[in-house]
Amino acid sequence: MRRILLVGVAVLAIAGCEKSSNTSITRTNANGVDTLYSKSTVVDGVARFECIASSSGQCHYLVLAPGCSTDTACATPPLRRFAVAAGKTEQVSGLPKDFRQCVSDVQKEQCHRD
């Protein structure tokens, strides 16, 4: 009986250690210099938007609803629009699962290219 209990506790401990995560990196450069370098990570429903470098000094983010695409205009307005200074990170919770996001070194109204 003790053995079954120990095995059960071990299984529960291992299952509790798994975290759901997703990471997206956007990096562009010109003449060997980063014009935009951003890392976005979602772990257990909390998103972290890290602006590593930007030619404008800020990374401009648009957070889109899950049904929207970053390649075409979306009828639904962005869920969030914000800027993060180069070298800083912003943490956001409460975003829907499977949200979309795009980042640019300049502020944009939509993710797709005009």
Side-chain angles (χ1 to χ4, degrees):
M1 184 65 163
R2 284 181 99 170
R3 189 175 296 174
I4 293 172
L5 182 61
L6 288 173
V7 169
V9 169
V11 168
L12 289 175
I14 291 170
C17 290
E18 289 186 38
K19 292 190 179 226
S20 171
S21 67
N22 186 10
T23 300
S24 171
I25 295 174
T26 301
R27 190 171 193 178
T28 59
N29 63 54
N31 300 320
V33 177
D34 286 328
T35 55
L36 180 66
Y37 188 9
S38 168
K39 179 179 176 183
S40 303
T41 306
V42 181
V43 177
D44 290 338
V46 177
R48 291 176 44 91
F49 299 90
E50 181 180 2
C51 181
I52 300 165
S54 173
S55 60
S56 69
Q58 293 188 323
C59 295
H60 297 269
Y61 294 90
L62 287 177
V63 178
L64 306 176
C68 292
S69 168
T70 57
D71 296 328
T72 58
C74 184
T76 305
L79 301 174
R80 296 233 13 206
R81 178 188 319 264
F82 59 95
V84 178
K88 301 291 182 183
T89 301
E90 175 138 347
Q91 186 170 304
V92 179
S93 57
L95 294 174
K97 184 179 180 184
D98 297 329
F99 70 88
R100 306 284 187 250
Q101 61 96 18
C102 64
V103 60
S104 177
D105 59 339
V106 295
Q107 186 173 344
K108 298 176 97 178
E109 294 303 312
Q110 293 282 339
C111 289
H112 71 285
R113 298 180 195 273
D114 295 323

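Small disclaimer: the values here were computed from a predicted structure and weren't measured.
- Contacts of T41 classified as side-chain hydrogen bond (donor to acceptor under 3.5 Å, both in side chains), with partners at least two apart in sequence or in another chain: none.
- With sequence neighbours left out, T72 forms a side chain to side chain contact (heavy atoms under 4.5 Å, CB included) with S69.
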For a quick test of your reading: what N or O donor-acceptor pairs under 3.5 Å do the side chains of residues 77-95 make, sequence neighbours left out?
from, atom 1, to, atom 2, distance (Å)
R81, NH1, K108, O, 3.0

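- Residue pairs meeting the salt bridge (charged side-chain N to carboxylate O under 4.0 Å, His left out) criterion with at least one member in residues 28-42, sequence neighbours excluded, are R27-D34.
- Checking side-chain atoms of T28 against main-chain N and O of T35 turns up no donor-acceptor pair under 3.5 Å.
- No path of Ile, Leu, Val, Met, Phe, Trp and Tyr side chains, each step under 4.5 Å between heavy atoms, connects V103 with L62, placing them in separate hydrophobic clusters.
- Grouping Ile, Leu, Val, Met, Phe, Trp and Tyr by side-chain contacts under 4.5 Å, direct or through others, puts I25 with Y37, I52.
- Under the disulfide bond (SG atoms under 2.5 Å apart) criterion, the residue pairs touching residues 24-58 are C51-C59, with sequence neighbours excluded.
- Under the side chain to side chain contact (heavy atoms under 4.5 Å, CB included) criterion, C68 pairs with L64, A65, C74, T76, not counting sequence neighbours.
- In this view, N31 satisfies the side chain to side chain contact (heavy atoms under 4.5 Å, CB included) rule with no residue, not counting sequence neighbours.
- The list of side chain to side chain donor-acceptor pair (under 3.5 Å) pairs with a residue in residues 50-64, not counting sequence neighbours, reads S38-Y61, S54-S56, S55-D105.
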